[in-house]
Amino acid sequence: MSLIKEQKLKSLFLQKGVNKGFLWGVATSAFQLEGSPYADWATWDSVLNLNPKVTNHYELYEEDIKLIKNLGVNAYRFSIEWSRIQPTEDTWNEAVVIHYQKIIDLLNDYRITPMVTLHHFTHPVWFITKYPWHKRGAVEKFIKYIDKLTDSIKDVDYFITFNEPYLLILGGYIEGCIPPGYKDFELGIKAHRNILVCHSHLYDLIHSKNKNSQISIAHNMAVFAPWMKWNPLDRILAKLAKRFYNHSIIEGFLNGKIIIKLPTLKSYEIDAPIKGKLDFFGINYYTRIHMRFNPFKKLFVEFRHRDIDGHGLTDMGWEIYPKGLKKVLRYASQLQVPLIITENGIATKDDNKKMKFIKAHVDVIESAIKEGIDVRGYFYWSLIDNYEWLHGLDARFGLYKVDFRNYRRIPTKAASFYSHIIKSRNF
Ligand code: FCB
């Protein structure tokens with residue numbers, strides 16, 4: 001290729017906001033940064049009554065985007081808060097859409113690639129009360145909303161339709177600890193299918209409007225291990241958990257069917273119309289989980305985190321287990337689409353621990369790429385401290401610390417460390 005052609009191509013990439021091939025980013029979600037009085041989560045957790053604006057990112061977004069720019073990242077994953085746009089079923093607040101478009105425009109001006117999450121756990125209250133995910137109307141309503149939204153939102157290529165759909169089903173339909181708060185497995189299966197149907201429609205819809213779009217879900221993957229290696233029941237549970245939580249959706253993308261086997265020996269087959277409906281695969285990776293058979297617990301399962309390899313636990317008690325990232329990347333690579341780590345991060349007040357965590361995980365990515373796995377991006381969770389689901393404001397994931405009394409952002413040592421990592425790694 002001639003030098004001029006090469007330069008032209010390079011500037012084309014720069015115009016689109018892609019400085020290097022690899023996406024180095026940070027990730028957030030709207031509700032965790034800015035709250036919303038109209039969302040189902042607003043009254044779910046009492047912490048939010050005292051801190052309804054959380055970090056006040058809704059007003060301080062320009063300042064926060066400067067922080068992103070200063071990090072030297074070339075990508076930013078964030079979500080759009082549906083309940084602000086449609087606080088009631090019959091309203092559409094265009095000013096809010098314009099607000100999110102301003103964020104996209106600013107990012108593009110700074111040559112930072114926006115990646116927009118369309119659903120990140122929260123819903124407008126009217127939606128989840130009238131059309132919870134197990135009801136057919138849910139699919140139509142969500143698609144209608146995204147159709148209208150994507151008529152307005154411009155200059156975004158990367159979309160995540162759903163963040164961690166399995167967590168939504170487990171928490172919202174089986175454990176009942178997050179909205180909509182059901183404890184009903186059968187309803188959960190229906191909701192699961194509807195979410196997959198929705199993903200499939202959204203994939204086609206967004207592609208029909210933007211041929212360049214790159215679409216995925218963000219799938220939470222963990223390593224599952226037996227609590228006691230010698231105990232065959234713990235081993236079986238770990239295997240079932242891995243198949244259900246990590247693998248079943250990958251099988252769905254590969255062949256359009258999801259098979260769920262429960263410890264009770266019951267199994268479900270879901271006809272999932274998602275075969276091939278992804279352009280890359282988003283993985284949220286945090287930890288390893290140990291499984292124990294316990295006849296007194298729901299579905300006979302108990303989980304725990306253990307510090308086995310000496311990397312320690314996070315402030316939320318999660319085991320730090322970088323090696324596990326390689327395992328999940330290897331498994332996901334059978335999808336034969338580019339893999340992007342859409343979330344990875346640590347809750348800790350200890351900057352050194354945060355830096356070690358980042359380095360260890362980036363090292364794993366480097367070695368996965370050397371092994372031939374097609375990893376195209378890494379998004380650290382999170383840009384700034386924020387509200388952590390059911391844990392409140394004390395889980396400090398941020399590269400920038402937030403003083404929640406006055407919304408001040410204070411850089412941690414990990415912020416400049418992450419910038420240094422981005423500059424020094426060449427992939
Ligand atoms: C993930 C969620 C994200 C954040 C991190 C810590 O499961 O997607 O919103 O809460 O955990």
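In listed order, ligands and their atoms are each counted from 1. Worth saying up front: this structure is predicted, and the values here are computed from it rather than measured. One-based numbering along the sequence shown.
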- [ ] For Asn220 and ligand 1, answer yes if some heavy atom of the residue is under 4.0 Å from a ligand atom, otherwise no.
- [x]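 Per 4.0 Å heavy-atom rule, Asn220 does not contact ligand 1.
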Task: Test item, His120 contacting ligand 1 (heavy atom, 4.0 angstrom) - done: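 Yes, that is the case, since the closest heavy atom of the residue is under 4.0 Å from the ligand.
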Less than 6.0 angstrom separating the ring centers of [X] and [Y], yes or no?
X: Tyr285; Y: Trp381; result: no
X: Phe185; Y: Tyr268; result: yes
X: Phe224; Y: Tyr245; result: yes
X: Phe78; Y: Tyr61; result: no

In terms of residue, atom name and distance, what is the protein heavy atom nearest to [atom]?
atom: atom 7 (O) of ligand 1; answer: Glu164 OE1, 2.6 Å
atom: atom 10 (O) of ligand 1; answer: Glu388 OE1, 2.6 Å
atom: atom 5 (C) of ligand 1; answer: Tyr286 OH, 3.2 Å
atom: atom 3 (C) of ligand 1; answer: Glu343 OE1, 3.3 Å

TODO: Would you mind listing which atoms of ligand 1 come within a distance below 4.0 Å of any non-hydrogen atom of Phe397?
DONE: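 With Phe397 as reference, the close atoms of ligand 1 come out as 6 (C).
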TODO: Using a strict cut-off of 4.0 Å, indicate which atoms of ligand 1 neighbour a heavy atom of Asn163.
DONE: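 Taking each heavy atom of Asn163 in turn, ligand 1 has 8 (O) under 4.0 Å.
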Task: Student check: side-chain heavy atoms of Glu319 and His311 closer than 4.5 Å - done: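 Heavy-atom side-chain distance check fails, nothing below 4.5 Å.
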- [ ] Answer whether the closest heavy-atom distance between the side chains of Thr55 and Asp385 falls below 4.5 Å.
- [x]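 Counting from C-beta outward, Thr55 and Asp385 never come under 4.5 Å.
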TODO: Would you check the N or O atoms of Trp318, main chain and side chain alike, for any that come under 3.5 Å of an N or O of ligand 1?
DONE: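 No: no nitrogen or oxygen of Trp318 is under 3.5 Å from one in ligand 1.
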- [ ] Please indicate whether any nitrogen or oxygen in Trp389 is less than 3.5 Å from any nitrogen or oxygen in ligand 1.
- [x]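 Yes, there is a polar N/O contact under 3.5 Å.
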Task: Lys277 NZ/CZ over Tyr203 ring centroid, <6.0 Å and within 45° of normal - done: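 No, Lys277 does not lie over the aromatic ring of Tyr203.
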